[in-house]
Amino acid sequence: LSGKSALTMRFCPRCGARFSNDSQFCPHDGTATQVVDQSTNEDPLLGQVVDGRYRIEAQIGEGGMGVVYRARHVVLDKPLALKILRTAMAKESESVQRFINEAKAASSIGHPNIVDISDFGRLKSGEVYFVMEYLEGRTLSELIVSEGGRLEASKVSHVLTQIASALAAAHAHGIIH
């Protein structure tokens with residue numbers, strides 16, 4: 001990693017979630033994100049190799065259950081995303097089971113509009129993680145903002161068709177979202 005983008009990311013001052021540098025607005029609450037310098041970040045996972053296969057390159061997001069990192073397979077040189085269950089939640093068996101169920105559910109559907117899960121494991125510190133395909137692009141919130149707060153009907157139709165298709169596939173597998 002080199003350059004300023006490797007040392008900075010954006011965060012939402014309202015909810016505290018962190019995002020990649022291209023996220024100008026928080027997808028959770030619409031607040032303008034701010035840049036945070038990660039060069040002083042003490043995240044022990046950055047630069048580490050997980051299970052001898054996945055080098056952690058940067059934190060790209062976080063949610064209620066976990067933190068998502070951009071990682072790279074050290075042999076295949078392939079970018080991936082690695083989601084790690086938060087430390088506090090990793091101590092709760094119910095949360096761990098929900099996290100495992102999320103990985104199983106997503107990997108069982110096999111739909112082009114649902115992220116593919118390719119691996120699952122546990123860190124030496126006990127937290128569970130799963131590995132998924134790394135997708136670049138904009139969130140729906142970012143798309144709406146970039147279009148001036150309003151999307152053309154054809155774009156809305158295209159997006160909704162993809163969402164409905166993914167939900168139908170999940171429902172066909174007994175997963176209600």
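In this chain, numbering begins with 1 at the start of the sequence shown.
Applying the salt bridge (Lys or Arg N to Asp or Glu O under 4.0 Å) test to residues at least two apart or on different chains, the pairs with a partner in residues 118-131 are Arg53-Asp119.
The two residues Met132 and Val68 have their closest heavy-atom pair at CE-CG1, 4.3 Å. Minimum interatomic distance between Ser108 and Ile175 (heavy atoms only, all atoms of both residues): OG-CD1, 4.3 Å. Listed here is the closest heavy atom pair of Ile114 and Ala166: CD1-O, 3.6 Å. The shortest non-hydrogen separation linking Ser165 to His111 is OG-NE2, 2.8 Å. Of all heavy-atom pairs between Gly137 and Glu142, the closest is O-OE1, 4.2 Å. Nearest heavy atom pair, residue Ala169 against residue Ile109, reads CB-CG2, 3.7 Å.
The closest side-chain heavy-atom distance from Leu45 to Ile84 is below 4.5 Å. Contact check for Ile144 versus Leu151: side-chain heavy atoms found under the 4.5 Å cut-off. Within the 4.5 Å cutoff, no side-chain heavy atoms of Gln24 are placed close to those of Val145.
Taking CD of Glu147 as the start and NZ of Lys155 as the end, the distance is 3.5 Å to the nearest 0.5 Å. In this structure, Leu135 CG and Glu133 CD are separated by 4.5 Å, a value rounded to the nearest 0.5 Å. The structure places CD1 of Ile60 at 11.0 Å from NZ of Lys83, a figure rounded to the nearest 0.5 Å. Rounded to the nearest 0.5 angstrom, Arg86 CZ and Phe99 CZ are separated by 11.0 Å. Tyr134 OH to Arg72 CZ: the interatomic distance, rounded to the nearest 0.5 Å, is 9.0 Å. Annotation: the span from Phe25 atom CZ to Thr31 atom OG1 amounts to 9.5 Å, rounded to 0.5 Å.
Note on Val156: it clusters hydrophobically with Leu167, by side-chain heavy-atom contacts below 4.5 Å among ILVMFWY residues. Tracing side-chain contacts under 4.5 Å through hydrophobic residues (I, L, V, M, F, W, Y), one reaches Phe130 starting from Ile100; they form part of the same cluster. Clustering ILVMFWY residues whenever any of their side-chain heavy atoms sit less than 4.5 angstrom apart, transitively, puts Val49 in a cluster other than the one holding Leu82. Under the 4.5 Å side-chain heavy-atom criterion for Ile, Leu, Val, Met, Phe, Trp and Tyr, Leu76 and Val131 are members of distinct hydrophobic clusters.
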Report the C-alpha distance between Leu123 and Val50 in whole Å, list the side-chain angles of each, state the deciding distance to 0.1 Å, and finish with yes or no for side chain to side chain contact (heavy atoms under 4.5 Å, CB included).
CA-CA 7 Å; Leu123 301 177; Val50 173; 3.5 Å; yes
Steps toward side chain to side chain contact (heavy atoms under 4.5 Å, CB included) verdict (His73, Tyr54):
CA-CA 5 Å; His73 194 286; Tyr54 310 111; 3.7 Å; yes
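In the displayed structure, His173 atom NE2 is contacted under 6.0 Å by more than 12 heavy atoms of other residues, nucleotides or ligands. When the shell of 6.0 Å around CZ of Arg55 is examined, it contains 12 or fewer heavy atoms from other residues, nucleotides or ligands.
Note on ring orientation: taking the six-membered ring where Trp is involved, the planes of Tyr129 and Phe120 are parallel (angle under 30°, cut-offs 30° and 60°).
Looking only at distances, a side-chain donor or acceptor of Thr161 sits under 3.5 Å from a matching main-chain atom of Ser157.
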